[in-house]
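Note sheet for the following structure.
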Amino acid sequence: MYNNLFLSKTLIATALLPSLAYSQANAGDAGTRSADAFQWIQPANTTILGEYGHSPPVYPSPNITGANGWETALHKAEHFVSQLTLDEKAWLVTGVPGPCIGNIGPVLRLNFTGLCLQDGPNAVRPSDYVSVFPAGITIASSWDRDLIYERFHDLGLEYRGKGAQVALAPVGGPLGRTPYGGRNWEGFSPDPYLTGVAMESSVRGLQDAGVQATIKHWLLYEQESQRYQTTYPNGTLEFAVYSSNADDRTIHELYMWPFANAIHAQASAAMCSYNRVNGSYACQNSKLLNGLLKEELGFQGYVMTDWGGLHSGVASALAGTDMDQPGYIEPVTPLLNQTGLSSYFGWNITLAVQNGTLPETRLNDMIKRIMTPYYFLHQDQDFPATDPAMAYYNTQFSRSNYSMDSFVFGNKSRDVRQDHGSRIRRHAAESTVMLKNTNNTLPLKAPASIAIFGSDAAPNTAGPFIRGPSEIGTLAVGGGSGNGRFTYLVSPLEAIEERAAQDNTLVQFWLNNTMIKDADVETLWGASAPEACLVFLKTRATERMDRGHLSVDQHGDVVVQSVADKCSNTIVVTHSGGMNIMPWADHPNVTAILVAHYPGQESGHSIVDILYGARSPSGKLPYTVPLNSSSVNTAPTTNITTANVDDWQSWYSEGLEIDYRYYNSHNIPVQYEFGFGLSYTNFSMERLRVKPTNPDAHIASHPEALETRPGGNPALWDVLFEAQVTLQNTGSTLGATVAQLYVSFPADVSEPPLQLRGFEKTELAPGESHTATFPLMRRDLSYWNVTQQQWLIPTGDFVFRAGFSSRDLGDSVTLRPVAE
């Protein structure tokens, strides 16, 4: 199927190096243990994919060049580095305790006040007077480039206002290989094209606000289970961190794809992930960092570790890691005491340079990469000082053992929210996906009475941080570092009561799922039978834990059944971190289904805008909803039944077939397909045409061999063709829809039968028409040839189809880009 240049049949173990005093000869990906020491333990149902080899070593780490407009900033960084002492250099590549989640200490004699690195992708998490935005999976459901940009630009303004130079966002990994992934909600979609567009828009939004974007997590970080090693009570290793084992082509065409978009947008930083990749820790895998990220994709920024993700010193530095975060292990004495920093980096950097195991040229490049984005975004000029309030809300690390007197602080508890609340409301509403609307149940039309069911409708009862599961209270964000500290959170119940008062509607509610599931709900409302029953369901997803099931939480399926059996107009709303199986979707009394994901602080208002028709639904599913859990082909993780320390292996044997690619490849019926979503109006689509941008140009299979720039070979980003389709609003209501373009590759390259290669969201008045345009770049028509190690356009016929979802497609156009 797909050749494999990474994966090893024999385990290439990764050594946990206690210090940086380690010879360069042993600094490769294999560590110090023999590859013949033991064998992979492979699941019985796993298919071997082609030839096997370990992650090949790629050295030295490429130096920053300043390509694509970073040259002036690089010159400033070089001048800065030239003035540093060796100890100051060690200080600048190692995180220190401070007011933020991650901190690079100041060098005040050179007027450098340090760097504040702050969570996360949905809010300036450990702070006050900040907004909590719709989650990544929510805004991805808008399928709207401009909306995604606006959301991240607003978030960037809040980072800047708080004095945080580095945003630990956006998230392109997990991509969403498995719907069980605990952090899928932080990212966008299991489709690499949709996620790539979202990553590019996100990076531009953050950095246009003057804040460094950190693309994470690089790479194949698709599960939370066993992301840390486990040990026996005596301290010996029981199980190592899991290894994501994927072939070369799958890595390029799925998991690298969105990061290429982000790097093309000149992302400042990349965060390497906790997991191993084909046996080697991601933060010391030289093929991943030096070879793919810095060399092939031309990444000009710096690589930081995920928090505690560093497992070696010199090996990681030579393999391409530039910054260790958080850089210390508490308790810690003040950093200026050279014995006080417990890190693989830290003062071990000084020792490694002095004993010759780490070239100082490599250390200099690490700092140039860190400082160049700082100058490129003009963060040395009038950037706000750090808000000291962030230190008080920094729950991840204590501050008791370190004085932060050396950091420069500004005013405390600055309100940076501006008018973002109104846009959060609009963003969440435009990202809501309507899956069902029988007999135009919605929008609500001044009903005389409504009944509200479900714990998710209730006001939040878990405090400003929703840290853990709470039976009663709406769920507007997931858990972990992507969480946010709510200044306020509008619940569905509050917003519905506020809106219903305008129509003098009677509102009744029952918010205890345990009670509802066993109740005869008809007896609850008594004589006042509701015209509509609204059921609010939730599914919590969080960092550090994969989902145990794909159903809604807290007996939600039974709650829907209980209500729908007695209420002929049951409307279901879900707040979830990802896909849910919906066994009640075809219940005749379930008349409408709305998927709102995690909408942020304006949750109630945004759903009321949809329920009452202030906005027409326009969201589209960024994933597939299968008929049942057994249809899913990617398990949450490989189950471990033996006692080998390296048995945690996650085998990507499905290759390119994830989500809709899999269901379409095997003609599997689904509940709701990728890209599906209804509106309050109707649209038509016709006249798909595809034409070359330069009719006289000869298109070769190979891209022109150009000097690598951020995003890879610039030739891959050339627009070769342009597809167009005509849309018209044939209904009676203003509304927006998403025109989607899919391509089928020539059969001999073994691609999935359909791949998204373009989309455009358009709002139209009744009767209005619009021509949607899809630019097709060389990379959109290429596959990764593992033999030539090159993106190639295959010979043969490409078939293009446009439509409103991956299974609602119109006429096709056949094209042969490369003459045989």
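Given the structure is predicted, the values throughout are model-derived calculations rather than measurements. In what follows, residues are counted from 1 in the order of the sequence shown. Side chains included, hydrogens not; waters and symmetry mates left out as well; all remaining heavy atoms used.
- Cation-pi check for Arg779 over Trp257 is met; the charged atom lies under 6.0 angstrom from the ring centroid and within 45 degrees of its normal.
- Note on Lys368 versus Asp365: no salt bridge recorded, every NZ/NE/NH1/NH2 to OD/OE distance being 4.0 Å or above.
- Using a 4.5 Å heavy-atom threshold, the side chains of Met323 and Thr305 count as separate.
- If you check the side chains of Asp248 and Gln789, you find a donor sitting under 3.5 Å from an acceptor.
- For Asn184 (side chain) and Thr178 (main-chain N/O), a donor-acceptor pair under 3.5 Å exists by modelled atom type.
- For Arg757 and Tyr193, the positive end is not near the middle of the six-membered ring at less than 6.0 Å and at most 45° from its axis.
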**CA sep, side-chain torsions, deciding dist, call: Leu656, Glu751, side-chain contact (heavy atoms from CB on, under 4.5 Å)** = CA-CA 8 Å; Leu656 301 175; Glu751 291 280 357; 3.7 Å; yes
**Request:** Applying side chain to side chain donor-acceptor pair (under 3.5 Å), run through Gln649 and Asn245 and close with a yes or a no.
**Result:** CA-CA 7 Å; Gln649 308 297 323; Asn245 305 324; 2.9 Å; yes
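- Side-chain contact between His252 and Tyr783 is absent, with no heavy atoms from C-beta onward closer than 4.5 Å.
- Annotation: cation-pi geometry not satisfied between Arg778 and Trp791 (NZ/CZ under 6.0 angstrom from ring centroid, within 45° of ring axis).
- A side-chain donor-acceptor contact under 3.5 Å links Ser244 and Tyr652.
- The side-chain contact (heavy atoms from CB on, under 4.5 Å) search around Ala123 returns Val132, not counting sequence neighbours.
- Here Arg661 does not pair with Glu654 in a salt bridge; the nearest charged N to carboxylate O distance is not below 4.0 Å.
- Inter-residue side-chain proximity for Asp306 and Lys216 is flagged as unmet; no heavy-atom pair is nearer than 4.5 Å.
- Using a 4.5 Å heavy-atom cutoff, the side chains of Tyr242 and Tyr274 are not in contact.
- Lys294 and Asp322 are joined by a salt bridge, as a carboxylate oxygen and a charged side-chain nitrogen come within less than 4.0 angstrom of each other.
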**Request:** Could you walk me through whether Ser268 and Gln207 pass side chain to side chain donor-acceptor pair (under 3.5 Å), step by step?
**Result:** CA-CA 8 Å; Ser268 295; Gln207 297 198 165; 2.7 Å; yes
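- Using a 3.5 Å distance cut-off with no hydrogens or angles, the side chains of Thr250 and Asp247 do pair a donor with an acceptor.
- Evaluated for a side-chain hydrogen bond (donor to acceptor under 3.5 Å, both in side chains) with Ser481, the options Arg125, Gln118, Glu186, Arg183 yield exactly one hit, Arg183.
- Between Phe239 and Trp648, the ring planes lie perpendicular to each other; the angle is over 60°, past the 30° to 60° tilted range.
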**Request:** List the steps and the verdict of side chain to side chain donor-acceptor pair (under 3.5 Å) for Ser225 and Asp546.
**Result:** CA-CA 6 Å; Ser225 303; Asp546 290 314; 2.7 Å; yes
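- Arg145 has no carboxylate O lying under 4.0 Å from a charged side-chain N of Glu200, or vice versa, which leaves the two without a salt bridge.
- Listed by first then second residue, pairs satisfying salt bridge (charged side-chain N to carboxylate O under 4.0 Å, His left out) with a partner in residues 250-260 read Arg249-Glu253, not counting sequence neighbours.
- A donor and an acceptor atom, one from each side chain of Asn290 and Ser61, are located under 3.5 Å apart.
- Taking the six-membered ring wherever Trp is involved, the centroid distance between the rings of Phe112 and Tyr374 falls below 6.0 Å.
- Between Leu318 and Leu358 there is a side-chain heavy-atom pair separated by less than 4.5 Å.
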**Request:** I would like to know whether Gln223 and Ser650 meet side chain to side chain donor-acceptor pair (under 3.5 Å); could you show each step before the answer?
**Result:** CA-CA 9 Å; Gln223 70 184 56; Ser650 188; 3.3 Å; yes
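- Using a 4.5 Å heavy-atom cutoff, the side chains of Leu377 and Gln212 are in contact.
- For the pair Gln379 (side chain) and Gln165 (backbone), a donor-acceptor distance under 3.5 Å is present.
- Side-chain atoms of Gln300 come within 3.5 Å of backbone atoms of Gly66 as a donor-acceptor pair (strictly under, hydrogens ignored).
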**Item:** Candidate pair Trp717 and Arg709, rule side-chain contact (heavy atoms from CB on, under 4.5 Å), full reasoning
**Value:** CA-CA 11 Å; Trp717 300 87; Arg709 313 289 281 182; over 6 Å; no
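- Taking 4.5 Å as the limit, some side-chain heavy atom of Ile367 sits within range of a side-chain heavy atom of Val93.
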